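Following: one structure in C-alpha cells, then a few remarks.
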Amino acid sequence: MLKQHLQFKLSQKLSPQQIQLMKLIQLPTQAFEQRLKQELEENPALESGKEESDALDDVYEDTYDDSADSENIDTEEINIDDYLSDDEIPDYRTQANNYSAEDDDKSVPYAAGTSFNQYLLNQLNTVYLDDQEWAIAEFLVGSVDESGYIRRPLTDIMDDLAFTQNIYVEEEKIEQVLKIVQDLDPPGVAARSLDECLIIQLKRKSQKPSIELATSILEKSFDHFTKKHYSKLVQKHHITEEQLKDAISEIEKLNPKPGGSYSGNTRMIEHIVPDFSIKIVDGELELSLNGRNAPELHVSKDYSNMLEGYKNAKEKSKSQKDTVMFIKQKLDAAKWFIDAIKQRQQTLFVTMSTIMEYQKEYFMTGDERKLRPMILKDIADKIDMDVSTVSRVANSKYVDTPYGTKLIKDFFSESMKNEQGEDVSTKEIKKILETVIRDEEKKKPLTDAKLATILKDRGYPIARRTVAKYREQLGIPVARLRKEI
C-alpha cells in the first residue's frame with residue numbers, strides 16, 4: 001500500500017562566506033598570516049599597506065546612471081559607485097588600543113628541523129662498510145622512527161630486504177650490521193626496546209660499580225625495575241639499598257627517547273606565537289590582540305581607476321563589459337575579505353575579553369585554584385554567539401599572561417559540588433591532588449583510596465575511581481610506580 005505524507009524539516013545552511021569566516025576565526029596568528037598572504041597573492045584587487053591620501057574624490061562625487069548603457073550591457077546591473085564610494089571602506093585599518101604593537105615583527109619563528117635519518121646516514125659515511133652492509137645499514141636507518149627506535153622485528157626487515165632490495169641475507173647478518181648502526185649518535189639509537197636502549201647508553205659510559213650494577217639490573221631484572229619491586233632487586237642482586245639507589249640514579253640520567261631531541265623526519269617544529277596578551281596595569285587587567293592580526297588592507301587604487309575609465313568611456317564594448325565583470329568579482333572578494341577580518345578581530349577580542357572577566361580572579365593571581373568552573377556555553381551565552389564559535393577561538397589560540405603562555409581551552413573545565421554545595425572547578429581539585437601527591441612521602445606513596453579520603457577531609461567528596469581518573473589525566477602513575485627508596 002502506497003502512503004503519501006508531508007514531512008517538514010527545518011535546516012540551516014551556512015553560506016560559503018560564513019564558512020570561510022568560521023575558518024578565519026579558527027586560525028591562530030601564524031596560520032592567519034599565511035592565509036592573508038595567500039589572499040593577497042590570489043586577488044589583485046586587495047592590497048596591503050596604507051593607501052595614498054589622494055583618494056579619487058572626483059569619482060566618489062559622481063553618480064553613475066546605469067540605465068544609459070542598458071543596450072550595451074545586457075547582464076546584471078553594475079553600480080560602479082558601489083565600488084568607488086568612500087562609504088565602502090576602500091581603505092581600512094583595524095588598529096586600535098586593543099592591539100599590541102608587534103606590527104613590525106612579521107617573521108615566523110621556526111626551529112630548523114634536521115632530518116634525523118639523514119643525520120644518521122651522514123655518520124655512516126665515516127664507517128667502512130661493503131656494498132651489501134651499506135644497503136642493510138641504510139635500510140635499518142630508514143626503519144628508525146622519530147623516537148629513535150626500530151620497532152619492526154628483524155625477520156620482517158629480512159623479508160623486506162629480499163623483496164624490495166633483492167638482498168638475501170640471514171638474520172644474523174642484519175643483527176651484525178644493526179650493532180654498527182647502534183654505535184651511532186645519539187646513544188641508544190636503533191634500539192628495539194626500552195631496556196636495550198638504556199643498556200646501550202650505559203655501555204657507552206665510563207664503567208664504575210654503579211653503572212655496572214645498573215646494567216646488570218636492566219639485563220637481568222628489567223621487569224622488577226619497571227614495577228619498582230626494590231626489595232626483590234636488593235635480594236636478587238645481593239646489594240644494599242644505598243647501592244640500589246646509586247644504580248637507579250644512573251638509569252634516571254639516561255634518555256628513553258634518543259630521537260626526541262631531533263625534529264623528526266623532515267618535520268618542522270613551529271614555535272607558539274600568542275594570539276592575545278593579558279597584563280596587569282595599575283591593578284586592572286589589560287587585554288590586547290596580537291598586532292599581526294590587525295593588517296592594513298585596502299581595495300586597489302588601480303582597480304578603482306579601471307572602473308573610472310569605464311564610467312567615462314562613451315562607448316562600452318563587449319570586452320570592456322567582461323573586464324568590468326571581472327573587476328566586480330575581485331572587488332567583491334576584496335571587500336568581503338576586509339570585512340571578514342574585521343569580524344574575526346571583533347570575535348576574537350570579545351570572546352577573550354569575556355573569558356578574562358569570567359576568570360578575573362585567576363588572571364589577577366595566577367593561582368589555578370581560583371579558576372571558576374566554565375564551559376563553552378557560559379561564554380557563548382554572554383556574548384550571544386554560537387558555542388562552536390567560542391570553541392574555534394578556545395581550541396587553537398594562546399594567550400600570553402604574567403604566568404606564562406597558556407592555551408585558552410585550558411581555562412575551561414566542568415564543575416562539581418563541594419561539601420558546602422558550592423560549584424568548584426575540576427581544575428581546582430586536580431591542582432590540590434597534584435600538590436598532595438607532590439608532598440607525599442615517596443617511600444610510602446598514597447593510594448587512590450587514601451587520596452580520596454584526604455580530598456574528602458578538605459571538603460571535596462569524590463570517589464576513588466574519580467581520583468584515579470584525575471590522576472591519570474595529570475599523567476601521574478599509580479602509587480606503586482611513584483615509590484622511591
Side-chain angles (χ1 to χ4, degrees), residues 113-208 210-229 232-233 236-237 247-248 250-267:
T114 303
S115 169
F116 186 31
N117 294 123
Q118 188 58 51
Y119 173 72
L120 297 174
L121 289 174
N122 290 342
Q123 294 180 67
L124 275 179
N125 288 325
T126 65
V127 181
Y128 177 76
L129 299 169
D130 60 33
D131 290 345
Q132 186 185 72
E133 289 171 337
W134 171 262
I136 296 171
E138 187 177 28
F139 196 88
L140 287 170
V141 166
S143 301
V144 174
D145 65 18
E146 59 186 25
S147 295
Y149 287 80
I150 292 179
R151 308 284 185 181
R152 305 179 63 224
L154 292 189
T155 51
D156 290 352
I157 292 176
M158 181 178 67
D159 292 339
D160 285 348
L161 282 168
F163 286 116
T164 65
Q165 307 293 319
N166 204 31
I167 297 174
Y168 298 90
V169 291
E170 297 297 325
E171 188 176 337
E172 290 75 13
K173 180 64 176 179
I174 299 175
E175 183 97 37
Q176 177 188 337
V177 177
L178 176 62
K179 298 299 181 185
I180 297 172
V181 175
Q182 289 177 343
D183 282 337
L184 303 177
D185 287 328
V189 72
R192 290 161 290 178
S193 61
L194 176 59
D195 54 332
E196 185 179 39
C197 175
L198 299 178
I199 290 168
I200 290 171
Q201 294 178 59
L202 285 173
K203 289 183 176 180
R204 297 269 288 269
K205 289 177 173 285
S206 299
Q207 293 302 300
K208 56 183 181 179
S210 58
I211 290 180
E212 291 173 359
L213 176 58
T215 305
S216 178
I217 288 172
L218 294 179
E219 288 178 336
K220 301 175 182 177
S221 312
F222 185 70
D223 190 51
H224 287 329
F225 169 73
T226 57
K227 293 179 179 179
K228 296 196 173 185
H229 292 162
K232 292 182 180 180
L233 289 173
K236 182 175 180 179
H237 291 268
I248 291 175
E250 294 292 348
I251 296 173
E252 288 175 343
K253 296 175 186 176
L254 305 177
N255 184 1
K257 292 185 178 181
S261 57
Y262 294 82
S263 58
N265 296 327
T266 68
R267 185 184 63 179

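None of these values were measured; they are calculated from a predicted model.
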| field | Closest approach of G188 to I200 (non-hydrogen atoms, all atoms of both residues) | value | N-CG2, 3.7 Å
| field | Flag side-chain contact, heavy atom, 4.5 Å: K208 against I211 | value | yes
| query | If we only count heavy atoms from C-beta on, is the L202 to L254 side-chain gap below 4.5 Å? | reply | yes
| At what distance, to the nearest 0.5 angstrom, does CG of L129 lie from CD1 of I136? | 9.5 Å
| Below 4.5 Å, heavy atoms only, C-beta onward: do Q182 and E196 meet side chain to side chain? | yes
| said: Main chain of K220, side chain of K236: is a donor-acceptor contact present, judged purely on distance under 3.5 Å? | reply: yes
| query | How far apart are the C-alpha atoms of L178 and I157, what are their side-chain angles, what is the distance that settles it, and do they pass the side chain to side chain contact (heavy atoms under 4.5 Å, CB included) test? | reply | CA-CA 11 Å; L178 176 62; I157 292 176; over 6 Å; no
| How about L194 and P256: do any of their side-chain heavy atoms sit closer than 4.5 Å? | yes
| Is the count of non-hydrogen atoms from other residues, nucleotides or ligands lying under 6.0 Å from D130 atom CG greater than 12? | yes
| field | Donor-acceptor under 3.5 Å (E171 side chain, T155 main chain) | value | no
| field | L140 CG to E175 CD distance, which is reported to the nearest 0.5 Å | value | 10.0 Å
| message | So does I167 get a backbone contact from the side chain of Q132, meaning a donor-acceptor N/O pair under 3.5 Å? | response | no
| said: Checking the side chain of Q207 only, and the main-chain atoms of K205 only, is there a donor and an acceptor separated by less than 3.5 Å? | reply: yes
| task | State whether the side chain of E219 and the backbone N or O of I199 hold a donor-acceptor pair below 3.5 Å, judged by distance alone. | result | no
| Rounded to the nearest 0.5 Å, how far apart are CG of L218 and CG of L213? | 9.5 Å
| message | Do the side chains of D185 and R204 get close enough for a salt bridge, i.e. N-O under 4.0 angstrom? | response | yes
| field | Close side-chain approach of D195 and L198, heavy atoms under 4.5 Å | value | no
| Is the shortest heavy-atom distance from the side chain of L161 to the side chain of M158 under 4.5 Å? | no
| OG on S221 to NZ on K232, rounded to 0.5 Å | 11.0 Å
| note | Output for pair (Y128 OH, I180 CD1), nearest 0.5 Å, gives 11.5 Å
| query | Under a 4.5 Å cut-off applied to non-hydrogen side-chain atoms, are E138 and L124 in contact? | reply | no
| query | Which heavy atom of F139 sits nearest a heavy atom of R152, and at what distance? | reply | CE2-NH1, 4.3 Å
| field | Nearest heavy-atom neighbours spanning P187 and Q201 | value | O-CG, 3.5 Å
| field | Inter-residue atom distance F163.CZ - Y168.OH, 0.5 Å rounding | value | 7.0 Å
| Under 3.5 Å, is there a donor-acceptor pair between the side chain of T226 and the main chain of F222? | yes
| query | Is K173 close to E133 at the side-chain level, that is, under 4.5 Å between some pair of heavy atoms? | reply | yes
| note | Smallest heavy-atom separation, Y119 atom then P186 atom, equals CE2-CD, 4.2 Å
